[in-house]
Each structure stands twice: as C-alpha cells, then as structure tokens.
Amino acid sequence: MPTAGSNEPPPWPLWWRSALVRRYAAAFALLVSLPLLAYAAWSATQVYRQQRDALAAVQTAQADAAAARIQQFLRTIELQLAWLTALPWTGDGAPQRRLDALRALRQTPAIADIALIDGQGRERVAESRLELGRIDSMADRSASPAFSGAREARGAYYGDVRFRKGSEPFMTIAVAGPGDEAGVAIAEVSLKHIWDVVSRIRIGDEGIVYVVDPAGRLIAHPDINLVLQNTNLSRVLQVFEAQQRAGPGTPPAVRMAGTGGAPVLASSVVLAPPGWRVIVEQGLNEADALMLNESEIKERREARYLGFLGCCGL
Amino acid sequence: MTPAYRRFSSFPMHRRRLLTTAAGIALMPLARGQRTRMARIGWLGWIGAEGASASTLVLAAFRAGLADRGWVEGRDYELLVRDGDRERSAELAAELVRADADLLVAQGPMVFGAKTVTGTKPVIFNLGGDPVEAGLVASLSHPGGHLTGVTSLSPELAGKRLELLKLAMPRGSAHVAVIANAMHAGFAIERDAVDAAARRLGLALAWHPLKSVADMEAALPRIAQGGAGALLAVPDNLINSQAPALARFTSARRLPSISGWAAFAEAGNLMSYGPNVHAYFRQMAAIADRLLRGARAADLAVEQPRDIELVINARVARALGLALPAELQLRADRWIE
C-alpha cells in the first residue's frame with residue numbers, strides 16, 4: 001500500500017523519461033518475450049505428449065505381458081486337452097481315457113468338467129468335480145457347437161463366456177485331435193482361476209490389469225467381486241475399439257473413469273484367440289507423477305532460461 | 001472510519017467462534033475414538049445337537065483369514081461368540097445386535113434367525129444350499145439386502161461323494177449306510193440328491209437320520225447289523241463333531257467312509273470331499289473385511305468355493321486293507337500319512 005504523503009514519483013534517469021526510448025524498450029521486450037513464451041508453451045506440450053506416449057508404450061507393454069500370462073493359462077488347458085485327443089478312438093478305449101481325463105482334472109484346477117467325444121460325436125467319457133461321471137454313455141454330441149467348432153478349427157475352440165448361477169464365469173474350451181475322424185475333448189473352465197494370474201501382476205504401486213470379453217463383460221479382475229457381479233464394461237470396450245479403428249501404432253493411454261471409480265489412464269491389447277481385451281489401468285495421480293518426474297526437470301530448466309532471457313530483454 | 005472500534009465490536013463474534021473451534025478440537029479425539037473403536041464381529045455359531053460345537057475349527061480359519069487382511073484380534077476387532085441351535089438363532093442374534101456388533105457371521109441355519117432381527121446390520125452366512133432358493137438373497141451376483149456370504153454347493157457334492165465312496169468299496173458290496181442330521185436345513189434336498197445318485201450308481205442306501213449325539217450312538221449298532229459295505233456321513237456340525245467316534249466305529253467295522261470336510265479324514269476316517277475349509281472361511285473373512293471397511297452387503301456377491309478337494313487317509317486305507325483303484329488315487333488332492 002502506498003504511504004500517505006509520498007505522491008511524488010521516484011526520480012527516473014533522464015534518458016528513460018524520453019517517450020521514444022520507453023516505447024522502443026516495450027516493443028523490444030514484447031518482440032523477444034512473446035516468441036519465447038510461445039516456444040516454452042509449445043515445448044511443454046511436446047514434452048507432455050512425449051511422456052504420455054512413453055507411458056502408453058509402457059502400459060501397452062505391461063498389458064502385453066499380462067496377456068501373455070493369461071494366454072499361458074489358456075494354453076495349459078489346451079495342451080491338456082490336446083493330450084486327451086492325440087490318439088484315435090478304439091472300441092474299448094474309454095476306461096484308459098477316463099484315467100487320462102482324471103489326470104487332467106487333477107493337474108488343472110481351472111477345469112471343472114471334461115467330456116471326451118469320439119470321431120462320430122458320441123460321448124465316451126465325462127468326468128466332473130460336481131456331477132457323477134459317465135463312461136460310454138454314447139450320447140450324441142455331434143451337434144454341439146464345441147464339437148463342430150473344434151473340428152472346423154482343427155485345433156482349439158473357445159466358447160462364449162457365461163455365468164453359472166448368474167455369478168461365476170465359465171467358458172467352454174474344446175480341442176480336436178488330428179485327422180478327419182478325430183475325437184474332441186471338451187472342457188468347462190472356471191475363469192475365476194484367472195484371478196490367480198491378474199491379482200499377482202503389479203503395475204506400479206496401485207495399477208491393475210483386468211480382462212473384458214468381446215461382449216463387454218468383466219471376466220477377470222483383482223477385485224473378484226466385480227467379476228461375480230457380472231460388471232458390464234462395454235463403455236470401456238467401445239473407447240478402445242474406437243481408438244483401434246482410428247489407426248495402427250501404439251495409441252495414447254486413455255483417460256477414463258476406472259473400475260474403482262477414480263480417474264485413470266488406461267491402455268489395452270487384444271488377446272487373440274478368445275478375442276478378450278486385456279486392460280491396464282493406473283490411477284491418474286500415479287501416472288501423472290511418473291510423467292512429471294521426467295518432464296518437470298526439463299520444464300524447470302526452460303523456465304529458468306526464459307527468466308534469464310526476459311531479464312536480459314528488459 | 002474507526003477500524004479499531006469495528007475490530008473491537010466484532011471481537012465477541014470471534015470469541016464465540018474461537019470457543020466453538022476450541023471445543024471442537026478438544027472433542028475431536030472423542031469423536032474419532034468413536035469411529036475407530038474396535039470393530040465388533042458377532043459370531044453366531046450353530047450347535048446342531050447338545051454340546052456339539054464345531055465352531056472351533058472354522059473359527060480358527062476365519063480368524064486366520066482376517067489376520068491375512070491385517071486385522072489383529074484385540075487391537076482392531078473383537079469377536080463375540082454365541083453358539084446355539086436354530087430355534088435360538090433369533091434370540092442370540094438379537095443379543096449380538098444389542099451388544100452393538102458391527103456385523104454378524106451366521107453359521108448354517110443360524111442365518112434364518114439372524115435375518116429377522118438384525119434390521120440393516122450386515123449378516124454373512126455360509127450355507128450348504130442355494131441362498132436364492134432359501135430366500136436370503138435376490139441373486140448370487142447382487143444380493144440386494146443386508147445379507148451376503150458363501151455357499152458350499154452341498155447338494156451337488158452329496159451325490160459326488162457317493163460315487164467316490166463306491167470306488168473305495170470292496171467288490172460285490174452295494175449297500176451303503178447314510179447318517180445325516182435330520183435337523184439340518186438342507187436335509188431333504190441332500191437326501192433327494194443322494195438318493196438320485198444311488199439309483200444311478202446302483203447302490204442300496206440305508207438312511208439313519210439323527211437328531212442328537214445319543215441318536216448316533218443308537219444308530220451305530222444298527223448300521224453294524226445292517227451289513228453295510230460303506231458309510232456316507234452327510235456333513236454338518238453334528239456329524240463333524242462326531243468324526244472321532246465315527247472313525248473308531250468305521251475302523252472297527254472295517255468300513256470305507258466319506259464326508260465333506262478334511263477334518264473327517266484327519267480324525268481317522270477314510271475320505272473327505274468338499275471345499276477346503278481354510279480357503280472357504282478365508283473367503284468369508286474377506287467379505288467381513290470389506291463390510292468392515294464400509295462396503296454394503298447388497299453389493300457383495302455371494303461366493304462359491306473355488307477349490308474342492310479330495311483328502312484320503314492313506315493310513316486308514318492300509319488298515320482297512322483297501323486296494324484303492326486308480327480312479328480314486330488320481331483324484332486325491334491330499335494324502336494323510
């Protein structure tokens with residue numbers, strides 16, 4: 001606040017009192033500092049964008065790694081089933097095959113039921129953790145999508161995800177053996193076991209990875225409750241699909257509301273055969289902190305430089 | 001303009017505000033203390049018959065589950081345990097509500113009494129049967145009310161146990177004695193499931209419904225006389241509590257036997273097939289953890305056991321002189337030596 005009684009301006013040097021010099025100085029300062037400011041702003045955006053792209057690349061790599069582990073989970077099941085169909089069926093093969101099926105159940109906790117179908121589409125062995133087993137029931141299962149799907153694919157067939165009793169996610173995986181008259185092994189797989197995979201993946205401090213099926217339903221998440229509630233994440237799926245349509249290359253991380261409610265930065269990859277989307281999400285604060293660590297240093301240096309130039313200009 | 005006066009005149013206002021603030025600060029620890037007081041968990045244990053508490057085993061698993069999530073008993077929470085039968089469940093639940101329990105954990109049929117008296121207090125149940133059919137929740141994925149919990153798929157497993165038992169039975173024998181607690185809420189459903197399985201497996205069953213330990217003591221000689229080739233014990237607290245007595249009986253009569261919890265095989269019976277008790281009650285503890293942290297029961301899906309395990313007591317198998325077939329051996333998740 002100005003003190004009372006000191007109304008007289010400070011005595012400026014003589015040369016400064018010339019209006020021309022003052023205008024000249026103002027124009028010079030403007031000419032120098034405006035482009036500098038503009039440059040600084042542009043460079044800050046550039047740095048931010050670079051950091052965001054780098055983060056997206058890191059997140060995508062993490063999603064890729066997570067997808068590889070989930071793929072491994074599915075591959076293990078496929079391999080078990082492939083063993084069961086490696087040999088052609090014989091008339092009295094069922095008892096031995098039954099032991100093989102039991103071994104597969106024992107080795108792969110995610111498999112809840114196994115059915116072995118012969119080349120003619122007849123059920124020869126059915127073993128389950130809950131239901132009674134059947135041997136040589138000869139029930140016709142040639143019309144089932146799993147049987148024909150696996151035969152057509154000449155390899156693995158993945159059914160749709162469905163929720164048993166409206167809660168636990170299950171999926172049919174079927175594998176056909178070699179040859180035209182090959183048998184098919186059909187397994188009902190409890191996807192709850194993917195929890196073991198996704199809950200162990202650490203993304204930074206609080207980042208998570210989760211899986212959404214092509215219909216937009218959440219099938220694996222570290223918070224198992226969200227899966228059991230059959231959470232619909234079509235909106236998330238749409239964002240990523242739109243991004244994918246926009247063009248190739250690593251798209252930038254998407255800012256969205258996370259599965260926990262707070263804003264996040266998220267990236268995703270598609271897991272090929274079942275068509276699931278594996279999504280990595282990281283809280284915005286954490287993601288920003290990561291970016292700032294890098295860009296802060298550059299920005300501070302530029303600010304100092306700018307300040308120095310500004311002083312010189314004046 | 002007399003700023004000095006104005007300041008002075010507003011002083012009482014300041015003083016009042018200051019006093020309230022000071023009082024607020026002084027009382028804050030109290031208010032905080034109230035919010036962060038020890039959580040109180042009411043445990044509604046189910047005693048199917050006189051003195052047959054099987055809470056100890058499951059309580060230990062439940063406590064371990066809470067410990068996994070950082071809850072220390074005596075520091076973060078206290079457990080109020082009330083054991084009783086279904087008739088007393090409402091009365092005991094009311095008692096726990098009066099004791100200001102934050103949530104109730106109701107074993108088996110105790111949930112039916114708890115449901116009527118707890119108002120909006122969350123109740124965690126563990127139920128053999130289907131909680132939707134029992135009218136406890138709207139659906140497994142969205143319970144909708146103040147109840148949620150775990151369900152152990154008992155009816156489905158009941159038939160499977162009979163199948164496994166058949167594999168252990170000596171050839172030529174097709175007669176199985178079944179003991180079950182007739183007071184069990186799901187008794188009729190499990191009986192139907194076991195009967196249906198028996199028809200498919202070609203086994204003849206002799207049912208021995210029990211209501212008490214005394215009934216069981218009376219039933220054992222009848223089972224012995226009936227010439228059964230094996231014993232199926234439908235799991236519940238009454239049967240679980242009598243596992244050692246049943247072990248003495250089955251080894252004396254050289255009977256293969258099966259029930260639902262591993263403790264049955266550990267007590268000296270042949271087999272058990274059912275959820276892993278530790279994993280199962282840890283699932284319950286995980287639900288309790290979330291409720292204590294502010295989640296609503298209506299939003300927590302009812303969980304099913306993830307791992308079903310077959311436990312075989314190898315010592316007993318040898319003592320009974322059984323040659324267990326490969327079908328059974330391949331299935332075993334755990335052997336007791």
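Here is how names work: the chains are called A, B, and so on, in the same order as the sequence lines, proteins then strands, and each is numbered from 1.
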*Counting only heavy atoms closer than 4.5 Å, note whether B:Val132 contacts chain A via side chain, backbone, both or neither.*
neither
*For the pair B:Trp261 and B:Tyr280, name the ring-plane relationship: parallel under 30°, tilted 30 to 60°, perpendicular over 60°.*
tilted
*Please say whether the positively charged group of A:Arg200, taken as NZ for Lys or CZ for Arg, lies over the ring of A:Trp195, i.e. under 6.0 angstrom from the six-membered ring centre and within 45 degrees of the axis.*
no
_For chain B, the option from A:Leu130, A:Leu132, A:Leu226, A:Leu228 that forms the most heavy-atom pairs under 4.5 Å_ = A:Leu132
*asked:* Between A:Glu168, A:Arg103, A:Gln107, who has the most heavy-atom pairs with chain B when the cutoff is under 4.5 Å?
replied: A:Glu168
*Name the region of B:Arg290, side chain, backbone, both or neither, that has any atom closer than 4.5 Å to a heavy atom of chain A.*
side chain
*B:Ala332, part contacting chain A, at a heavy-atom distance under 4.5 Å*: backbone
*Spatial distance of atom CD1 (B:Ile312) from atom CD1 (B:Ile258) [nearest 0.5 Å]*: 8.5 Å
*Contacting region of A:Glu131 [heavy-atom separation from chain B under 4.5 Å]*: backbone
*Are any side-chain N or O atoms of A:Ser144 and backbone N or O atoms of A:Arg141, one a donor and one an acceptor, separated by less than 3.5 Å?*
yes
*Interface residue of largest heavy-atom contact number with chain A, from B:Leu162, B:Leu157, B:Asp299, B:Leu310, under 4.5 Å*: B:Asp299
*Contact leader toward chain B among A:Gly133, A:Pro95, A:Ser190, where contacts are heavy-atom pairs under 4.5 Å*: A:Gly133
*With a 4.5 angstrom heavy-atom cut-off, could you sort out which part of B:Gln283 is near chain A: side chain, backbone, both or neither?*
side chain
*Any side-chain heavy atom of A:Glu188 sitting closer than 4.5 Å to one from A:Ile173?*
no
*With a cut-off of under 6.0 Å to the ring centre and 45° to the axis, is A:Arg164 in cation-pi contact with A:Phe170?*
yes
*Please round to the nearest 0.5 Å and tell me the distance separating atom CG of A:Asn230 and atom CG of B:Leu140.*
9.5 Å
*asked:* Counting heavy-atom pairs closer than 4.5 Å to chain A, which one of B:Arg306, B:His142, B:Glu156 comes out on top?
replied: B:Arg306
*Is atom CD of A:Glu206 surrounded by more than 12 heavy atoms (other residues, nucleotides or ligands) closer than 6.0 Å?*
no
*Portion of B:Leu164 that has a non-hydrogen atom of chain A nearer than 4.5 angstrom*: neither
*Please state whether the side chain, the backbone, both or neither of B:Arg200 comes within less than 4.5 Å of a heavy atom of chain A.*
side chain
